[in-house]
Amino acid sequence: MLYFKGCIAKEKLTSISDAVETILQEADVKYKTHNHERCCGSVLLRTGFYDDAKEQMQNNIEYLENETILVSCAGCYKTLKKDYSEMFGVNLDVIHTSQLFEGLIKENKIKLHNSNLKVTYHDPCHLGRHMDEYDSARNIICECAKLVEMKHIRENSNCCGSGGGVKSAFPELSKNIANRRIKEAKSTESNMLLTSCPFCKLNLKDSIPEDDDFHILDLTEFIITQLKYSDE
Amino acid sequence: MRFSFDKMNQRRIKNQSNSKIKKQRNIVKKIRQNSIENMDSLMALAKKNLNNNGIECLYAKNSNDACELIYNIIKDEKLVVKAKSNTLREINLNSFLNSKNIQIIETDLGDRILQLNPLNNKPSHPTGPISHFNIEKVQKIILDSFNEEIDSNPYALMQYIRNNVVESIEKSNVGITGVNVIAAEDGSLIMVHNEGNISLLSLKDTHIIVAGIDKLVNTIEEAMAVVKLETMYATGTNVTSYINVISGPSKTADIEKKLLKGMYGAKRVILIFLDNGRSEALNECLLCIGCGNCLISCPVYNAVGNDFGYKGYLGGRGVALSNFLENGKTSKDSGLYMCTLCGLCVLKCPVSTPTPEIIENIRINVNKLWNPIESHKKIKDNIKSKGNPFKK
């Protein structure tokens, strides 16, 4: 298995890729990472650089083919699974961390403490609405905490505001959209918002003050807090 | 605006979950697809049948042609009245006629209030153009325009504007409107409204209608399916108060079987078909039935309002359409790069317009023909040289 960290978890929010690797090691999953992992091409595709994206993706195919590719990022998931197939006809074997870890929990390879913590969950657009994956993350949360849902969830989920190149081009707009989503999350009984996309986390986190006692975590970071280590 | 949108949304949620509506969506989507795929043959058929019914047909390649055609018909008039229409907004008819010293008065309540507020007269929703104004704002606009203080009572405000508009309608010989759907086989024009203003305008001596060439369907029955669904998604109600089907001038042959026109309604009904880039547009971009449901949930529209859109074509789909009605630069300026591509609009659209896909495609061309967004260019260069978007 190849763990494709994705740009955000590799360069900006390394706590997410660290969490994933810790969980993989605890579950005794054999995996490797690529020393020179390069962007999957999603950012280029969404912002209109089609030819550059094509070149980037073409170069990536070499080391992605014939691997089971584990991704942290919802954007990588959609791009590797859908765009590579539509543009090059290659059907890459891609699995999102939430899907893999749900399976590992079922197989008892990952054990979690059960808490009464109330958490809410944000569906990343690229994972949910675009790729129809809503349940894995929720099933994991229900194994170890109490899931309290927001008003807009699953296919009706509201965007975090970061996608489509908006965060870099219009940072205030991105923040404004994130604030609406956080307001929705805060109106649940929970003070913790989980998501399964590092880019969503980055943007949601950027739009609240650092000392805010509302927590925003990637699902894998949350798993770490609930993980029963094998030496426990 | 969000307050008005929340209200509309509550009504809609109840109605849209109905399984009958789901069936209706599929039917209308097929009608729209067929009408776009067969635009040329439908137009030829429509022209023939409209002419047979006594409706004059003209063709305008672009906005300016359309304005000139209208001007040719009404150049002797001092005052004309119009109904709310995105197509009329698209061709900038109001400013064109003003430049020719012809006064043009809006008759839709919301649009008339917008017209009286010239500094910010962009609508915020296709059927609820002043969703972003509260009562105090409307009072202030009337005060500034007419020096009249009206009670903060919506009925009194409506009554005041109504009287003001009716005066103009009575003085005018010409009514100008858009049209919701054209039934080609029947040679009929279908218009929906709640205020009754279109009925009044259609009774003027001359009724001029401007229609995008994407408005054609086969029959009146198909047209009804389209407008019913549009109404459901636009306002959350099943039907509008008025559905006008106009298939010719007002006529009678009661006296010795001699055909006389203009008994109560128009002597002349003139339809102007407007292309303005539509024949070159991506098919998916023309599926839209104009309900505005995409706006209610759009995260960007909820944040920035009608700055995300082009003229009356609001939100991402309007931004996409502007690429064809105008060009990539206009589309860029209308918010082409503001869309997060979240896809909620596709889910909410009764005919599933794939706006994010269209926007992604337009961005490719705009990057090539015009400058990409500076920050995107930097990110692209970083990815190419460092393998990731950051400078690491």
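Order of the sequence lines fixes the chain letters, A, B, ..., with proteins taken first and strands second; residue numbering starts at 1 for each chain.
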Just wondering, more than 12 heavy atoms not from B/Lys329 lying within 6.0 Å of its NZ? no

Toward chain A, the part of B/Val300 with a non-hydrogen atom under 4.5 Å: both

Could you tell me which of A/Asn176, A/Thr47, A/Asn158 has the largest number of non-hydrogen atom pairs under 4.5 Å with chain B? A/Thr47

Top contributor to chain B contacts, counting heavy-atom pairs under 4.5 Å, from A/Leu44, A/Val43, A/Asn59, A/Asp52: A/Asp52

Near A/Glu86 CD, under 6.0 Å, is it more than 12 heavy atoms from other residues, nucleotides or ligands? yes

Find the distance between CG (A/Asn156) and OG (B/Ser297) and round it off to the nearest 0.5 Å. 8.0 Å

Taking NZ in A/Lys186 as the centre, count heavy atoms belonging to other residues, nucleotides or ligands within less than 6.0 Å. Is the count above 12? yes

Using non-hydrogen atoms only, which part of A/Ser157 is less than 4.5 Å away from chain B: side chain, backbone, both, or neither? backbone

Around atom CD of B/Glu136, are there more than 12 heavy atoms from other residues, nucleotides or ligands closer than 6.0 Å? yes

Can you confirm whether more than 12 heavy atoms, excluding those of B/Glu357, are under 6.0 Å from its CD atom? no

Which one wins on heavy-atom pair count under 4.5 Å against chain B: A/Gly165, A/Ser174, A/Ser162? A/Gly165

Checking B/Lys368 against chain A: side chain, backbone, both or neither under 4.5 Å from a heavy atom? side chain

At a heavy-atom separation under 4.5 Å, does B/Leu344 approach chain A through its side chain, its backbone, both, or neither? both

For A/Ser168, does its backbone N or O pair with a side-chain atom of B/Ser375 as donor and acceptor, under 3.5 Å? yes

Between A/Arg181, A/Glu37, A/His130, which residue shows the highest count of heavy-atom pairs closer than 4.5 Å to chain B? A/His130

Between the side chain of A/Arg46 and the main-chain N/O of B/Leu341, is any donor-acceptor distance below 3.5 Å? no

Shorter than 4.5 Å, heavy atoms on both sides: which option in A/Gly6, A/Cys160, A/Gly163, A/Gly128 has the most such pairs with chain B? A/Gly163

Side chain from CB out, backbone as N, CA, C, O: work out which of these in B/Pro372 comes under 4.5 Å of a heavy atom of chain A, or both, or neither. side chain

Interatomic distance, CG@B/Asn302 vs CZ@A/Arg180, rounded to 0.5 Å, equals 4.0 Å

When the 4.5 angstrom heavy-atom criterion is applied to B/Ile383 and chain A, the contacting part is both

Of all the heavy-atom pairs spanning B/Gly387 and A/Gln56, show the shortest one and how long it is. O-NE2, 4.4 Å

Euclidean distance, B/Arg363 CZ relative to A/Leu45 CG, rounded to 0.5 Å: 11.5 Å

Derivation and outcome, side-chain contact (heavy atoms from CB on, under 4.5 Å), residues B/Asn367 and A/Phe49: CA-CA 7 Å; B/Asn367 277 5; A/Phe49 296 103; 3.5 Å; yes

List the steps, then state whether side-chain contact (heavy atoms from CB on, under 4.5 Å) holds for B/Lys386 with A/Arg38. CA-CA 8 Å; B/Lys386 313 272 191 329; A/Arg38 295 171 64 86; over 6 Å; no

What are the two closest heavy atoms between A/Phe170 and B/Ile373, and how far apart are they? CZ-CD1, 4.5 Å

Atom SG of A/Cys40 and atom CG of B/Asn388: how far apart are they, to the nearest 0.5 Å? 12.0 Å

In sequence, state the C-alpha distance, the side-chain angles, and the governing distance for B/Val304 and A/Leu173, and then conclude on side-chain contact (heavy atoms from CB on, under 4.5 Å). CA-CA 8 Å; B/Val304 304; A/Leu173 172 60; 3.6 Å; yes

Return the minimal non-hydrogen interatomic distance between B/Phe390 and A/Glu11, and the atom names on each side. CD1-CB, 3.6 Å

Rounded to the nearest 0.5 Å, what's the gap from SG on B/Cys342 to NE2 on A/His126? Could you check? 10.0 Å

Just give me the residue among B/Pro356, B/Cys339, B/Cys298 that pairs up with chain A most often, heavy atom to heavy atom, under 4.5 Å. B/Cys339

